[in-house]
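Right, one structure below, let's go through it.
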Amino acid sequence: MTKKSENHFENLVEEGLLFCNVFLSSTQTIGAAVSGGADSVALLISLCNLLKPHKIPLKVITVNHNIRPEAETSGDAIFVQQLCQHLKGQNYNVECTLVTLEKGQVESFAKEKKAGIEDAARELRYSAFEKFIREAKIDFLCLAHNKNDQLETLLMRFLQGAGTSAATGIPAVRGKFIRPLLNISRTEIESYLTEKNCSWRTDNTNFDTNYLRNRIRHNLIPVLNENFEGWQSSVLKGARKLQSESEIIEKMVNQSFEELDLPSQEKNGFFEINHQALSRKPPVLQQQILLRCMNLLGCSQRIPYDFLEEVLSCPKGEKQFDDIQIIFKKDVVLVKKVNKSHTDLNFSVIIEEDGIYHLPFGTVEVLKENESSSKHSVSVNNKLSELKVSLPVCIRNLQCDDYIKTADGKLKKVNKVFSDWHVPSEKKELIPLIQELQTSNQELICILGSAVGFKDWVVKN
């Protein structure tokens, strides 16, 4: 890459800023989140060169999540701090803030939120970003997502069956978060850094194909590149079309909310919707109206499409997801938040060593089979299960969106399994589920139905 091409890269970054409605002015304060990877390092260096002529300060934040080995995670933080110090020595107006999460904080938060480690780390990271924006009085915080990230996200959401809004991909602007590299490829980024003679850090988890994104990156995309010429531009064009459709649906939802007089009810802790008026709306609008009501009431989990589809396919009785209840009455549909009482049962325990554990459904005994084996046997209420586990595992009760593998490798809702078994509602929360913790997927590996008189569902390796 020549000097001309270096300037070309920085021109692309400036175009990205303009696309995000950021017009460089000395009255602004710009921030950048830098992890030490190639994308964020290229963002940092290009922003330094773009902001210097305008005398705009650059405030950098880097987050140490403390979920990888000490040498890696601390090494990344030190690398970013030293790079910022080096740039400052070259008369760039750059300051670096390090946020270090406590060891175990991400894991504890993941358990509390009933989420995966990556999702928990992301939520804590963005929380740190938002605090940084407030305290440093930043106008815009630049994130380093690039065109490759966008393509991976679009493929991932397609494979996950995402709805229209999610299938539009990563937004260029979300509040004060902006992404000026979204139209720049990873190849262009690495070429820019190579010409600048600037190194970067590599996160080894990027090669762990237990993560869906990494499987897409390393397994699916090479096949698409080899066999489907032009697929990238087609996917990106499709996302732009979906964005337009999503904006239209959003306007229609806003209009429907007004027609149904729902904004005036937002502070009530429930929404009362005219059943007949709702049923006259197209199905996609009915779903989006209920989805917005649930979100406004503070639903603490991602609401799956199949729940909304199930609700509207049989609009009668009561349906509940997480702590939100949808009740169909003669003339109205009531959407309300259920305040769980102290009697609601919820149990979760991480088993890290052999022993006897007392839980609401009875006792679990975990014992190593023999000295040469890494597998442990599981007994429930003094009855030996056929399940063999590798520690650590989590034993917990049902969550709303739990799935488990069937014999043919497909996924089935645990609630559907309970329905097939004709489990009484009062016993559902007593049935223990075993979740493996050794991989990033943290999948369910067993339903211990024998704890309350049903059969066990064991996922075979």
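Ring centroids of Phe132 and Phe129 are separated by 6.0 Å or more, keeping the two rings apart. Aromatic rings of Phe418 and Phe454 (six-membered ring for Trp) have centroids beyond the 6.0 Å cut-off, not under it.
The OG1 atom of Thr406 sits 12.0 Å away from the NZ atom of Lys416 when rounded to the nearest 0.5 Å. Within the model, atoms CG of Asp203 and OG1 of Thr73 stand 9.0 Å from one another, a figure rounded to the nearest 0.5 Å.
Using a 4.0 Å cut-off between charged side-chain N and carboxylate O, Arg179 and Asp149 make no salt bridge. Salt-bridge annotation for Arg186 and Glu152: present, with a side-chain N of the basic residue lying under 4.0 Å from a carboxylate O of the acidic one. One finds a salt bridge joining Lys405 and Glu443 here, because a Lys/Arg side-chain nitrogen approaches an Asp/Glu carboxylate oxygen to under 4.0 Å. Arg125 and Glu118 are not joined by a salt bridge, as no carboxylate oxygen comes within less than 4.0 angstrom of a charged side-chain nitrogen. A salt bridge is defined here as a Lys NZ or Arg NE, NH1 or NH2 lying under 4.0 Å from an Asp or Glu carboxylate O, and Asp76 with Arg201 meets this definition. Contact check on Lys336 versus Glu318 returns no salt bridge, with no Lys/Arg side-chain nitrogen under 4.0 Å from an Asp/Glu carboxylate oxygen. The pair Lys383-Asp456 fails the salt-bridge criterion, with no side-chain N (NZ, NE, NH1 or NH2) lying under 4.0 Å from an Asp/Glu carboxylate O.
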Show, in sequence, the C-alpha distance, side-chain angles and deciding distance for Asp420 and Lys412, and conclude whether the side-chain contact (heavy atoms from CB on, under 4.5 Å) test is met. CA-CA 11 Å; Asp420 293 345; Lys412 185 170 184 176; 2.6 Å; yes
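A distance-only check finds no donor-acceptor pair linking the side chain of Ser348 to the backbone of Arg396 [under 3.5 Å].
Exactly one of Ile434, Leu433, Val459 qualifies for a side-chain contact (heavy atoms from CB on, under 4.5 Å) with Ile447. That residue is Leu433. Partner Lys59 forms a side-chain contact (heavy atoms from CB on, under 4.5 Å) with one of Ile138, Leu141, Thr97 and no other, that one being Ile138.
Within 6.0 Å of atom CG in Asn183, 12 or fewer heavy atoms from other residues, nucleotides or ligands are found, so the atom counts as exposed in its surroundings. Within a 6.0 Å radius of NZ in Lys131, no more than 12 heavy atoms belonging to other residues, nucleotides or ligands are found.
Contact of the Leu291 side chain with the Val253 side chain is not registered, since no non-hydrogen atoms from C-beta on lie closer than 4.5 Å.
Aromatic ring pairs are classed by plane angle as parallel below 30°, tilted from 30° to 60° and perpendicular above 60°; the pair Phe9 and Tyr192 is parallel.
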